[in-house]
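To keep things clear, I will list the structure first and then write my remarks on it.
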Amino acid sequence: MDDRKTSEGSFKQARVRILVLAVIIAVGLSAGISRLFYLQVFRNNDLSKIAVRQHQKTVALEPLRGTIYDRKGRVLAVNLDVESVYAVPSEIGDAREAAKRLSRFINEDWRILEKKLKSDKGFVWLARKIDPNIAIKIKNEIKNEDLEGIGFIKESKRFYPKKELFGHLIGFAGLDNTGLSGIEARYDEFLKGEDGFIILERDARGSHIFPSSGYKPPVKGKDIVLTIDESIQYICERELDKAIQKTHAKSGMVIGMDPKTGEILAMAVKPSFNPNEFIKYAPAEWRNRIVSDPYEPGSTLKVIVASAALEDKVASPSEPMFFGEDKIDIDGEIIHDTVREKGRLSFRDVIKRSSNVGAVRIGMRLGKERLYSHLKSFGFGDRTDIDISGESRGILRQTREWSKRSIGSVSLGQEIAVTPIQLITAVSSVANNGWMMKPFVVSEIRDEDKIVRKVYPEIKKRVLSAETAAEMTRILTSVVEAGGTGEKAAIDGYRVAGKTGTAQKIDLKTGLYSDRYFISSFIGYAPAEDPQIALLVVVDSPEGLAWGGSVAAPVFKNIAEDVLLYMNAPSTNEERILMVKRE
Amino acid sequence: MIYSSSAIPALKRLNDIFFFLKRQMIWAVIGIVMMIIVSRIDYKNWDRLFLPMFGLTILLLIFVLIMGKEVNGARRWLRIGILSFQPAELSKLTIIIYMARIIAKKGERIKDFMNGFLPVMSVIGLFVMLIMIEPDLGTAVTIGIIALSLLFAGGARLKHIMFLGVLLTPLMYTLIFNAGYRMQRLKTYWDPWKDPYNSGYQIIQSYLALGSGGLFGVGLGEGKQKLFFLPEAHTDFIFSILGEELGFAGGSAVIALFAVLIYLGFVISLRAEDIFAKYLALGITVMIGIQAVINISVVTGLLPTKGIPLPFISFGGSSLLINMLAIGILMNISGQNSGSG
């Protein structure tokens with residue numbers, strides 16, 4: 001009985017304890033189901049978003065950049081198919097070994113490659129846009145050594161078929177096809193096109209990527225047509241190169257403009273730079289100095305000073321402005337004249353012979369206020385707003401900052417700094433009957449055959465009356481005739497108007513004008529009676545005879561001669577040439 | 001029949017990876033055949049078969065330490081042709097039979113410390129130790145819990161069990177703090193998002209899988225998390241993928257099926273008049289129940305990460321076979337005792 005009782009009791013106890021175990025497991029399962037409900041139903045939204053983010057990778061598809069053409073439709077910048085090497089780190093076996101092998105072809109330290117191959121990313125670039133021959137070598141190596149996890153993707157690379165010819169003007173686009181300099185940078189928003197994308201599904205290792213539904217094709221960038229003419233550009237560079245070689249000059253620039261429209265026809269900067277290999281040059285060498293670097297123009301500025309004096313009628317062309325002196329004293333500063341003439345010189349001859357004393361006298365006739373306002377009106381001290389980035393304003397000081405002798409210096413093209421683009425724009429307005437045109441280099445933006453934007457010539461203002469402009473052209477024509485400083489710019493069959501300039505450079509050590517280094521320049525246009533092209537030639541620090549008339553004028557002549565021939569410009573009436581000569 | 005309805009989703013889960021599918025199918029066929037055979041063998045034979053089975057288990061446990069296939073630093077598997085077998089899984093069943101037998105034999109003496117509790121604990125301790133050497137802490141803990149549950153239900157004094165608890169605390173402490181990965185798992189348990197790419201990775205991926213599933217899931221075979229995002233997707237974390245593909249509906253259905261199976265197990269145990277049968281049935285029920293609870297809790301982040309498979313569903317042949325065998329035994333007990341009870 002006792003025994004039965006205990007057994008009865010332990011039986012009951014067992015029943016209770018089994019039920020306790022059942023309850024524990026039931027509670028456990030209920031907790032699991034509640035938690036499941038919380039995660040799957042309440043957190044559904046945010047958790048699935050995070051999950052999608054890790055499953056999908058949006059890969060940007062690079063669009064092709066637009067093509068750049070010259071005014072005749074010649075291609076100046078295109079895209080080439082090139083290959084880029086990538087790695088899927090999770091599939092790499094021996095990262096060190098692979099890195100060491102690859103470093104023989106990829107210009108990168110193997111330690112850096114190893115780090116990339118070991119990264120926890122699903123995808124890493126090893127080398128972008130490599131030389132096709134190197135790509136073949138790497139492919140062979142991968143095959144021979146059974147390297148896994150390394151692949152190639154086709155990309156496009158900007159190529160400039162004309163190499164150095166347009167380096168400074170067109171600039172270049174970088175590895176990611178973004179314009180970094182020149183037209184490529186300035187018009188990047190049009191050239192670059194629109195990125196496309198493809199959504200890739202991926203697994204945690206980043207491999208086994210397969211495309212999903214999301215896809216947007218990239219849109220090719222717009223094409224750009226320049227006002228530049230490759231032939232004229234070529235002539236300019238060729239002649240500039242010759243001159244620099246001959247005179248051992250430091251550098252040089254030529255800019256050619258259609259004075260009637262403001263279209264830039266050529267823009268040459270030396271030493272040149274090849275945009276295909278931009279990385280080999282210092283950023284300072286990429287600069288388009290025609291717009292970015294102001295310099296003291298020297299006597300070429302006399303064109304503007306004389307135009308201003310005639311416009312304000314403070315002097316007449318035949319009025320004597322020089323009386324045989326060899327120097328002039330302005331507030332204690334002596335300005336010497338290079339002209340050694342016993343007799344007097346008229347206003348016209350002061351320009352023709354580039355007399356300093358005469359020019360100072362013309363400037364003083366105007367007075368500093370009028371001289372300043374005319375220079376300002378001609379655009380000095382302000383940007384021309386040409387569609388090239390990095391344009392400088394140059395330096396034109398306010399008259400209250402002028403010293404007493406500034407009037408003399410400015411009249412001679414000193415104490416003022418101008419950019420080549422400012423000077424050619426100003427002188428072009430003399431050639432264009434006194435109308436100043438806004439300079440520009442891009443004439444059209446096209447989308448396939450459709451013109452998206454057409455740029456029309458834009459008149460900025462009238463800076464001179466037609467009579468003054470015509471008189472100035474006559475005076476400038478005499479510069480290029482016998483006895484003028486620009487004789488060497490004369491071209492058979494055409495009348496040329498122009499002005500020489502020989503500016504002393506400022507010696508950076510002493511802060512004074514150097515007597516060894518000059519900027520030799522010539523600015524002019526032809527044919528004088530119906531100008532087709534205005535040209536500015538600047539040669540920096542030529543050796544030997546540094547006169548604008550001896551260094552820059554022949555460059556002008558050679559360029560203008562070929563360009564006029566190329567343009568089929570009608571030659572100037574022979575009779576008129578004879579007539580002028582008799583004068 | 002519960003096992004089969006839960007085994008089918010388990011097979012479907014793996015049907016995109018034939019490697020696992022083929023092996024799991026072989027085990028499933030062996031398991032079903034064995035289950036049918038075992039369900040027709042009188043459970044009382046297990047009592048008689050105990051000694052050879054006990055010896056075999058101990059032998060295999062020692063054998064695996066010497067000859068076992070090493071995977072990730074653990075020797076848990078013995079190769080049999082193309083299949084691998086885990087002796088630790090077998091030891092679960094052996095322990096259950098041992099416990100049922102000893103409780104039936106000793107009766108009230110189980111309350112006695114020197115004669116009841118201590119000898120039982122020594123045997124269990126031997127098993128647990130051998131398994132921990134592999135190491136396979138998950139199975140060792142499971143065996144410990146099963147044994148303690150049976151001791152508890154079998155009438156052992158609560159103070160003895162508590163004494164054991166006090167004794168085990170410093171042991172667990174050293175175990176956790178001496179293995180960096182266990183400590184890491186514990187830390188991660190508190191805040192997995194703190195270290196989402198290393199220690200928190202697995203549980204976060206499990207959350208993402210479950211969270212993506214929503215109410216009805218993304219569809220069978222459409223789950224993305226199994227693409228290597230979720231480690232152990234086909235074994236310990238198979239429930240996350242099930243939740244991703246079949247949603248809360250599928251996940252809760254699986255839990256419900258477990259609940260039904262466990263409920264039936266408890267009913268069989270409670271109704272059994274034979275003491276050996278009662279504890280055998282209870283042991284089997286607790287084995288399946290506790291593993292299901294721990295696995296689901298780990299996968300849903302209620303418990304720190306622990307390598308315990310989900311019965312019938314996780315990939316793993318030995319586990320499947322043993323669970324099927326256990327169900328066969330349960331069926332036999334049910335058949336014999338339902339008539340009389």
Side-chain angles (χ1 to χ4, degrees), chain A residues 2-3 5-56 90-91 120-122 201-210 212, chain B residues 103 107-108 111 149-150 152-155 197 201 204-215 217-218 224-231 239 243-244 247-249 251-252 255-256 258-259 262-263 265-266 269-270 275 278-279 282 285-286 289-290 292-297 299-302:
Chain A
D2 232 338
D3 218 41
K5 243 190 178 169
T6 31
S7 122
E8 191 77 10
S10 67
F11 207 80
K12 261 189 183 158
Q13 188 201 39
R15 195 179 168 78
V16 170
R17 288 195 173 184
I18 289 171
L19 284 173
V20 167
L21 289 176
V23 167
I24 290 173
I25 289 176
V27 166
L29 287 178
S30 311
I33 223 164
S34 319
R35 177 73 173 169
L36 204 58
F37 187 75
Y38 164 76
L39 286 173
Q40 299 211 269
V41 181
F42 279 115
R43 300 283 308 274
N44 177 233
N45 244 330
D46 58 324
L47 288 176
S48 55
K49 262 181 209 147
I50 299 171
V52 164
R53 218 181 300 147
Q54 79 174 6
H55 298 153
Q56 295 185 340
S90 61
E91 293 184 356
D120 55 5
K121 290 186 188 139
E201 301 277 2
R202 59 171 182 175
D203 62 28
R205 294 178 188 172
S207 54
H208 307 290
I209 298 173
F210 43 97
S212 75
Chain B
I103 290 166
E108 283 301 294
K111 289 190 163 62
S149 303
L150 288 175
F152 167 73
Y197 297 109
Y201 184 74
I204 284 177
Q205 293 303 329
S206 178
Y207 285 164
L208 295 183
L210 291 170
S212 306
L215 211 49
V218 297
K224 299 273 162 44
Q225 288 291 95
K226 66 185 171 213
L227 302 169
F228 304 110
F229 283 106
L230 183 58
F239 192 70
E244 182 187 8
F248 176 69
S252 54
I255 295 177
F258 273 113
I262 291 159
Y263 169 76
F266 275 114
S269 169
L270 285 169
I275 307 271
K278 182 186 276 302
Y279 288 101
L282 180 66
T285 308
V286 168
I290 207 72
V293 167
I294 293 180
N295 181 277
I296 291 166
S297 301
V299 164
T300 56
L302 289 173

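Labels below follow one simple rule: chain letters A, B, ... track the order of the sequence lines, proteins then strands, and each chain is numbered from 1.
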Can you give me every donor-acceptor pair (side chain of residues 16-30 of chain A, partner residue at least two apart or in another chain, under 3.5 Å) with its distance?
{"residue": "Arg17(A)", "atom": "NH1", "partner": "Phe152(B)", "partner atom": "O", "Å": "2.7"}
{"residue": "Arg17(A)", "atom": "NH1", "partner": "Ala156(B)", "partner atom": "O", "Å": "2.6"}
{"residue": "Ser30(A)", "atom": "OG", "partner": "Ala26(A)", "partner atom": "O", "Å": "2.6"}

- Item | Worked check of side chain to side chain contact (heavy atoms under 4.5 Å, CB included) between Leu150(B) and Val286(B) | CA-CA 9 Å; Leu150(B) 288 175; Val286(B) 168; 5.7 Å; no

- Message: I'd like to know whether Phe266(B) forms a side chain to side chain contact (heavy atoms under 4.5 Å, CB included) with Leu282(B), so could you lay out the CA-CA distance, the side-chain angles of the two residues, the decisive distance to 0.1 Å, and finally the verdict.
- Response: CA-CA 6 Å; Phe266(B) 275 114; Leu282(B) 180 66; 3.5 Å; yes

Count the heavy-atom pairs under 4.5 Å between each of [options] and chain A, then report the option with the highest count.
{"options": "Ser297(B), Ala259(B), Gly247(B)", "answer": "Gly247(B)"}
{"options": "Val293(B), Ile290(B), Ile296(B)", "answer": "Val293(B)"}
{"options": "Gly243(B), Gly251(B), Ser269(B)", "answer": "Gly243(B)"}

- With Tyr263(B), which residues qualify under side chain to side chain contact (heavy atoms under 4.5 Å, CB included), at least two apart?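 If we apply the side chain to side chain contact (heavy atoms under 4.5 Å, CB included) test to Tyr263(B), skipping adjacent residues, the hits are Val267(B).
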
- Contact part of Leu215(B) toward chain A, heavy-atom cut-off under 4.5 Å: side chain, backbone, both or neither?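 Contact with chain A: backbone and side chain both.
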
